[in-house]
2 protein chains.
Amino acid sequence: MKKILVIEDEPAMRANLSDILEMENFQPLLAANGREGIAVAKQALPDLILCDVLMPELDGRSVLAALRADAATARIPFVFLTAKGEPADVRTGMNLGADDYLVKPVKVDDLLDAIAARLERAQQQAGRKVDFSSAAPLQALGLSSREAEILLWVAQGKTNFETGAILNICAGTVKKHLENIYAKLGVEGRNSASLRAIEILTSS
Amino acid sequence: MKKILVIEDEPAMRANLSDILEMENFQPLLAANGREGIAVAKQALPDLILCDVLMPELDGRSVLAALRADAATARIPFVFLTAKGEPADVRTGMNLGADDYLVKPVKVDDLLDAIAARLERAQQQAGRKVDFSSAAPLQALGLSSREAEILLWVAQGKTNFETGAILNICAGTVKKHLENIYAKLGVEGRNSASLRAIEILTSS
DNA sequence: AATACAATACGCCCTTCGGCGTATTGCCGG
DNA sequence: CCGGCAATACGCCGAAGGGCGTATTGTATT
């Protein structure tokens, strides 16, 4: 069951949202202000966060900034809630890195659709694989294009000999390049180098 | 340099956006309709897509759906552009999985801020790391708990000896377990086994 | 023209890995 | 009580990896 954190200072609004979420088979987590919200988010790692902009203690923007600063919570979809009439905060909110922005009074359908869309989008972002289709990204590590190619294959578990066969060079040359690669990456051995490569290639 | 694909049928608007992007040191890619846009997106894999909603050939919603359906383009930040006055498509667009929605006439600053925010958010989503904190997920591969522990360390580039030191067993025993692990995973060598482990540990 | 660097290749030597065999201990279920 | 299995340990041997040195070629930069 998806956990959804609601950070909202008005008790009535909070209870209302909680009810709606529960009815849709979400597990609502509640926080009455920003500081509390951050604490709950870091501890419970919800699947999505609904957060009011105007709050005592810590406003929504600060909450967003705090959560984005922590790697554990940075990827959680974050949706702002705001009362109509406030200046065009929609753009401000989105520019801070929010994922959606709902204006109160929120229609129930709009709320649920927005939640569904954001959860689905997060799902897309999640199921990621390593992309071994191009060596180019590895050059960001300071490698020459040839070195990047070699690391690309080594990271896939190829031996020096196999890599040499693929690139039409001899195994010793692959080894020589690897020496340079290890030096440039500041690592020891192909395993560590592969880990670095995979980190880069996992962005795809 | 970040590539930004502009899918927009009005030539003047397109040229205008292109100029703005170029001025900000982005590399603009241009498409005059939806079908063209999809083709360019799949071929060039831009870092972000700006797409008008109303277009001949294929409207923005169809473009978004098509790109989201393809794994190669599904994660690219997608921003809708729409002329003011059209029904509240903002919500419709966002609910389809768009990442932002700008209403024309767009202020240059709003455009650039939105682009910056979406690129940064994509960056956050990208830099995903492998979670080596628990061996439990590896048991899903059919490994015993001890084998999972061993693979956990080997996947981090530890040698048999180092792994043995960590687990207080001798290197030979680690090797023996690895033989069983390789057999169970149907792989040859620690590199391939590590790849399998990382795949599992990355989904977390 | 001189210099620098990437890419290629070869050799020596030691360490680590991987496959195979063997063996002991302890626990769980029939 | 006994068979099966996980976990532990040791040894042998060939293959692969890694450190270090050397050398040639081509291209690009000065």
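Convention: sequence-line order gives letters A, B, ...; per-chain numbering from 1.
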Visitor: Of all the heavy-atom pairs spanning Ile49(A) and Ala41(A), show the shortest one and how long it is.
Guide: CD1-CB, 4.1 Å
Visitor: Could you note down all residue pairs passing salt bridge (charged side-chain N to carboxylate O under 4.0 Å, His left out) where residues 13-30 of chain A supplies at least one of them, sequence neighbours left out?
Guide: none
Visitor: According to salt bridge (charged side-chain N to carboxylate O under 4.0 Å, His left out), who are the partners of Arg196(B), at least two apart in sequence or on a separate chain?
Guide: none
Visitor: My understanding is that only residues two or more places apart in sequence, or in another chain, count here; which of them pass salt bridge (charged side-chain N to carboxylate O under 4.0 Å, His left out) with Glu57(B)?
Guide: Arg35(B)
Visitor: Which of the following nucleotides, dG18(D), dA9(C), dA7(C), is nearest to the side chain of Ile169(A)?
Guide: dA9(C)
Visitor: Search all heavy atoms of Met94(B) against all heavy atoms of Asp99(A) and return the closest pair with its distance.
Guide: CE-O, 3.3 Å
Visitor: In this structure, how many angstroms lie between the C1' atom of dG19(C) and the CG atom of Leu178(B), rounded?
Guide: 12 Å
Visitor: Identify, with sequence neighbours excluded, every residue that meets salt bridge (charged side-chain N to carboxylate O under 4.0 Å, His left out) alongside Glu188(A).
Guide: none
Visitor: Report the distance from atom CG of Leu143(B) to atom C1' of dA7(D), rounded to the nearest whole Å.
Guide: 14 Å
Visitor: Under the criterion side chain to side chain donor-acceptor pair (under 3.5 Å), which of Lys176(A), Arg190(A), His177(A) is the partner of Asn160(A)?
Guide: Arg190(A)
Visitor: Looking at the side chain of Glu147(A), which of dG18(C), dA7(C), dT8(D) is the nearest nucleotide?
Guide: dA7(C)
Visitor: Select one nucleotide: of dG18(D), dT8(C), dA7(C), the one nearest the side-chain heavy atoms of Tyr182(A).
Guide: dG18(D)
Visitor: Going through the checks in order, is the side chain to side chain contact (heavy atoms under 4.5 Å, CB included) test met by Phe78(B) and Arg68(B)?
Guide: CA-CA 10 Å; Phe78(B) 189 101; Arg68(B) 288 292 190 253; 3.8 Å; yes
Visitor: Could you state the CD-C1' distance from Glu149(A) to dT8(C), rounded to the nearest angstrom?
Guide: 14 Å
Visitor: Distance check needed: dT25(D) C1' versus Arg146(A) CZ, whole Å only.
Guide: 15 Å
Visitor: Could you list the residues that satisfy side-chain contact (heavy atoms from CB on, under 4.5 Å) with Gln27(B), not counting sequence neighbours?
Guide: Met1(B), Lys3(B), Leu29(B)
Visitor: Can you list the residues that meet the side-chain hydrogen bond (donor to acceptor under 3.5 Å, both in side chains) rule with Arg118(A), with sequence neighbours excluded?
Guide: none
Visitor: Walk me through whether Lys42(A) and Asp70(A) qualify under salt bridge (charged side-chain N to carboxylate O under 4.0 Å, His left out).
Guide: CA-CA 9 Å; Lys42(A) 292 195 177 184; Asp70(A) 184 339; 3.5 Å; yes
Visitor: Does His177(A) have a side-chain nitrogen or oxygen under 4.0 Å from the phosphate oxygens OP1 or OP2 of dT8(C)?
Guide: yes
Visitor: Output the residues of residues 185-197 of chain A in contact with DNA chain D, where contact means a heavy atom of the residue under 4.0 Å from an atom of the strand; sort by number or write none.
Guide: Gly189(A), Arg190(A)
Visitor: Could I get the full list of side-chain hydrogen bond (donor to acceptor under 3.5 Å, both in side chains) partners for Ser192(B), not counting sequence neighbours?
Guide: none
Visitor: Report, one pair per line, the protein and nucleotides 26-30 of chain C atoms (nitrogen or oxygen only) whose separation is under 3.5 Å.
Guide:
none

Visitor: So which protein nitrogen or oxygen atoms get under 3.5 Å of nucleotides 10-15 of chain C's nitrogens or oxygens?
Guide:
none

Visitor: Side-chain N or O of Ser144(A) versus OP1/OP2 of dA7(C): is the shortest distance under 4.0 Å?
Guide: yes
Visitor: Donor-acceptor pairs are to be reported for all side-chain atoms of residues 133-142 of chain B against protein atoms at under 3.5 Å, with residues two or more places apart or in another chain.
Guide:
{"from": "Ser133(B)", "atom 1": "OG", "to": "Asp131(B)", "atom 2": "OD1", "distance (Å)": "2.6"}
{"from": "Ser133(B)", "atom 1": "OG", "to": "Asp131(B)", "atom 2": "OD2", "distance (Å)": "3.2"}
{"from": "Ser134(B)", "atom 1": "OG", "to": "Ala136(B)", "atom 2": "N", "distance (Å)": "3.1"}

Visitor: If the test is side-chain contact (heavy atoms from CB on, under 4.5 Å), which one of Leu64(B), Leu102(B), Asp100(B) qualifies with Phe80(B)?
Guide: Leu64(B)
Visitor: In residues 153-168 of chain A, what residues come within less than 4.0 Å of DNA chain C, judged by heavy atoms?
Guide: none
